[in-house]
Amino acid sequence: MDIRIGITFISFFNLMKRIFQVSIILISLLHFTGCIPNTSTQIQSTAIPEIFPDYTYVTVPSTIAPLNFTPQDTSYTAVIAEFSGTRGNWFRVKGRKNITIPKNKWAELLKANKGDSISVSLKILKEDKWIQYTPFPIYISEHSIDHGLVYRLIAPGYELYSRMGIYQRDLQSYKQKTILVNTLFPETCMNCHSVNRGDPDFFNLHLRGSESGSIILKDGNMQVYDTKTPETLSNCVYPYWHPSGRFIAYSVNNTRQMFKMDPGQRIEVYDTASDIVVFDTKKNTLISSKHLTTNHFETFPAFSPDGNTLYFCVADYKNMPHDYKDVRYALCSIAFDPETATFGPKVDTLLNAPRIDKSLSFPRPSYNGNYLMFTLADYGTFPIWHKEADMGIMDLRTGEWCLMEGLNSTDVDSYHSWSSNSRWIVFSSRRGDGLYTRLYIASVDENGNTGKPFLLPQKYPATYYPQTLYSFNIPEFITSPVDVDMRKIEKKTARKTNMQWGGLKDNGAFNVPSGI
Amino acid sequence: MNRAVRTGRSFFLFMEFLNKYSKFLTPLFLGTGVFLFFYFYAPGLIFFREQNYLFLYTKEFFLDHVTHPGGMASYTGAFLTQFYAFTWSGALIQAALIVLVQQSISRLMKQAGVNYPYQILSLLPALLLWRFSCDQNYMTGSIVAILISLLCVLVMVEKRNKKGYVLRTFFLAIVLYMFAGASFILFLAFIIYFEVRNKEKPPKPYKLLIILTGGLLLAICLPLVSSFLFPYPLQQLYLGIGFYRYPNENFYFQYVAWVVILLIVILPARLAVKNKLPGHRVVYISILVFILFCGFLLLRKAVNPAMEEALEYDHMAWHQQWDTIIRKAGIKQPSTSMSMTCLNLALVKTGQSGDMLFNYFQNGTEGLIPEFGGDFTSPLTTAEVFFHMGLINEAQHYVFEAMEAIPNHRKSARCLKRLAQTNLINEQYGVAKKYLNLLQKTLFYRNWSHNASLENHPEWSILQTYRLTEERIFGSTNMLNILKDLTEKNADNKTAFQYLMAYTLLNKEWEKATEFFELGKQHYARIPWAYQQAMAFEWYQKARNLNQSQLELDQEIIQGLTEFMKTMSLTSEKQARAILEKPFGHTYWYYLYFIF
């Protein structure tokens, strides 16, 4: 019997060896027949090549995955790109249609030219002539970037949803791994994923549907909570971790949608009521402040990096949906004492967006405490459906703010988050086709100036982005891979813990420096 | 008496003929029966399957399917489903699959030593699969999975006495689980059975123990191990992924077919029939009658007639077969809201709504512009209505929702096509290009997608001019205002005008009939019948004297309404209804008083 098994394995091995040999011959033949013609006729163009994605003049971290691209002019038959830097080796890439950069050579070149730039020289073969374009630079930042991103992939739909999932992506490669997908939980929506300053050991995720609950991973322990209490409006959404990891700020919202009829518009999302609460993971209680639970619309909480301030957005109460175009949110802050888990006595207005006929969403302070990014739209609380939505940045040290002209486009530019070293931002934009949200990464210097953003690299971007029927949603940097056992989630959702209402915790004696 | 004897003799000869040539006739009759059934009786089921499973010739589509147990069967099922774009090919594929399963079972029975007449029992599971196929959510991939498993059994059983059999079977079981999912249980069960009953080389007790234990371990452990690799509920990993369109529902009835397949191979092997006639003949005829009876029971109510009707109407509306819709409705009144919606759309598109609206039983506005149903079928019909009248955003909305509502997360070529159109009309060219690029990766839609442009489709440019362009919110409660605004915006939009009038009448807002007719009267040389009836009623309510009406009403209308109202005033409502049904059942007045 052992001999028979052995003979079977040897036969199998011999068969595999034969298949391998034949494959090598076939691949060589294909390569030979696929050779790029050698012609010396060349035309010099003074133009920068139009490529997709547009990686010309972008600033990238030295560890980013290769920026594969394709010339936009589709009438060519071959393309050659040369990558070189002032330091390190250069290399050439040839292709029939795409430039697919070898990973190791790319990594070496970027590493060698960190803090400097590389040059990309492109030529395409068209009607038996090579067209040589003017080389363009790619700047290599000296600042590192986090390990990866977490985001949701979901169709840009209305009320119903098919497949959706939360995924993590390694920025040094194209690897995307599933954290959770709703094939495991049919008819379940998953959202509100959040990490603590990029640390995936503190992870929050919300499920809604046939399985529901808020999953909180902290210090290696996973709990699933039912976040709805009789005292609060709804389940907890829009999470933001306190830097200590003890608290999570949430919004509780009654959210509705309505559908627009004018061409090019689709949806308007609005709240009929919203408040802000903070979950104390130590005591399993939800607390809030009288300033955060008024009749006005409080939403989008975010803690400051030192944990002593809670930023949030607030809009005057309006009769919704009748007055949906009059709802405008301002940026405010309130002090928070993490020791006593209490809130300060007053609210400061940092940016009165309604005064300039704008509405502010998604306040996101940088982790070095210097800046705060936000999104501005003409009105409302859901800027992803507003073409005019743009990102702005405030210098928290001076209170001055401006639109991020180098990042914004003529289409939606919305949700954003900071890397852990506050040198990179990732944001959602619909500039690609106007509907399917893609992720862009941009560098930020010490003065708050940004580099040209670059599209999240893919191995075959020219086919991936045009074909995907999913939008990238709520991108967050992660400093290391998220380690979540989805089977554990499956078991834990059956045994939820109820959050308890801890009451309004206002501290009247608190002295807080006034805002802008 | 002689006639009875002759009939009996003919029947007997016919049965003998069947008995003699059953090897060829069985699959022929089965295949023909299935084909004719789906081609003539249930074509809606064929269209429905193709409509809700887009097949793409891309690497990503392939990988998305095969990276879970049973994926290859699902992929093959999806590949075959694309051919359901045509009724004849869809019916043919259904027939072929069921016949192949029946033949595989028949061969297995032969391998098991089942006596000849009992082999016709292989028709039983075939009938069950036929019955399951009448459930529009039972996936084609499920039949493919069963077929793959049975074919693997046949291959292995023929080699069961060769060297390395156990090892090869073990690896094949693992591969089969990945290819065909939970139906690999059939494979395991048969392999064990054939080993136990191996007369050529009876297995030694220890070998039998290994096979039994190995089979059991594979059946339990493979899905369990898969749960660490694939994000699916454990139940689905055991019972099958993708066998039914609703992942959250378990179509347990399908496992009855698996059990029946096992039983009809195993049990009859123990029954012997004397080789001499008439033993064979009697058994064969008895079983055949039994099977025909089972077939009758299984199939007589297999297809939901209302659903089938709705799917057929919807298909015709999608393909703009307006005259065919009206002809079909003339034969039999539509019985569902969805069918009525299609009929009303056909009447509008042929300009006959004004005259013939009440020639058919109307059930309010739900049969005209249905509310959003949240499923993946009815919104498509409503989207057709929106599209043709120029509510492009709403057509886009409903189609997108319908596609997202497909329970197994698959996409729809029909939906992508409509989304490409609406985005082109709305000048969202980037988004349209995405959908057109995807359709170029299909077999039957690529040509259309290459030619999809406003230049090649002038009717889309016309729809562009119909759109309401100012900012406003859509709501089903303000549908009348929307229709009025559409009509006012573009005087050429006869579709919107007809819907405005139909909506007004069906909503019993007759007092607006005259006012609204003014908005579209230029389309008509004379006032259509249904509108006249409403306007006459409106005048009657105000003035009580139709002869003084300033409207150009036909004498027939004046006389008819006079008679109708006279009857209403002289009798009770119940009596009036009975009296008026025959002469006035197809009038607006009858609808107003007695319907809905």
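What you are looking at is a predicted structure, and each value in this text was computed from that prediction instead of being measured. Labels below follow one simple rule: chain letters A, B, ... track the order of the sequence lines, proteins then strands, and each chain is numbered from 1.
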- [ ] Walk me through it: do A/Gln467 and B/Thr58 pass the test side chain to side chain contact (heavy atoms under 4.5 Å, CB included)?
- [x] CA-CA 10 Å; A/Gln467 282 183 19; B/Thr58 63; 4.0 Å; yes
Task: Note, B/Glu427 side chain near A/Pro263 side chain (heavy atom, < 4.5 Å) - done: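 The answer is no, as the side chains (C-beta and beyond) never meet within the 4.5 Å cut-off.
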Task: chain B contact via A/Glu159 - which portion, at a heavy-atom distance below 4.5 Å - done: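 For A/Glu159, heavy atoms of backbone and side chain both lie under 4.5 Å from chain B.
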- [ ] Could you check A/Asn182 against B/His409 for side chain to side chain contact (heavy atoms under 4.5 Å, CB included), going step by step and ending with a plain yes or no?
- [x] CA-CA 10 Å; A/Asn182 68 349; B/His409 304 169; 3.4 Å; yes
Where is the tightest heavy-atom contact between [X] and [Y], given as atom of each residue plus distance?
X        : Y        : answer
A/Glu187 : B/Asn248 : OE1-ND2, 3.6 Å
A/Ser162 : B/Lys411 : OG-NZ, 3.2 Å
B/Glu394 : A/Met261 : OE2-CG, 3.3 Å

Open item on the list: Between B/Leu438 and A/Leu469, is the side chain to side chain contact (heavy atoms under 4.5 Å, CB included) condition met? List the steps.
Closed with: CA-CA 10 Å; B/Leu438 281 169; A/Leu469 289 173; 3.6 Å; yes
Open item on the list: A quick test of your reading: do over 12 heavy atoms of other residues, nucleotides or ligands sit less than 6.0 Å from CD of A/Gln72?
Closed with: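 It does: A/Gln72 CD has more than 12 such atoms within range.
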Open item on the list: Can you classify the ring geometry of B/His397 versus A/Tyr158 as parallel (below 30°), tilted (30 to 60°) or perpendicular (above 60°)?
Closed with: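 Rings of B/His397 and A/Tyr158: parallel, under 30°.
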Task: B/Lys434 side chain to A/Thr468 backbone, donor-acceptor under 3.5 Å - done: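 Yes.
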Open item on the list: For B/Ser227, is there any backbone N or O sitting under 3.5 Å from a side-chain donor or acceptor partner on A/Arg487?
Closed with: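 Side chain of A/Arg487 to backbone of B/Ser227: a pair is present.
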TODO: Under 4.5 Å heavy-atom distance to chain A, tell me which part of B/Glu60 shows up: side chain, backbone, both or neither.
DONE: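 Side chain of B/Glu60 only, per the 4.5 Å heavy-atom cut-off to chain A.
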Open item on the list: For residues 370-380 of chain B, which residue pairs pass the side-chain hydrogen bond (donor to acceptor under 3.5 Å, both in side chains) check, not counting sequence neighbours?
Closed with: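 Those involving residues 370-380 of chain B are B/Glu371-B/Ser476, B/Asp375-B/Ser378.
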- [ ] Only counting residues at least two apart or in another chain, list the ones meeting side chain to side chain contact (heavy atoms under 4.5 Å, CB included) with A/Thr493.
- [x]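 Counting only residues at least two positions away or on another chain, A/Thr493 forms a side chain to side chain contact (heavy atoms under 4.5 Å, CB included) with A/Phe185, A/Leu207, A/Glu211, A/Val224, A/Ile489.
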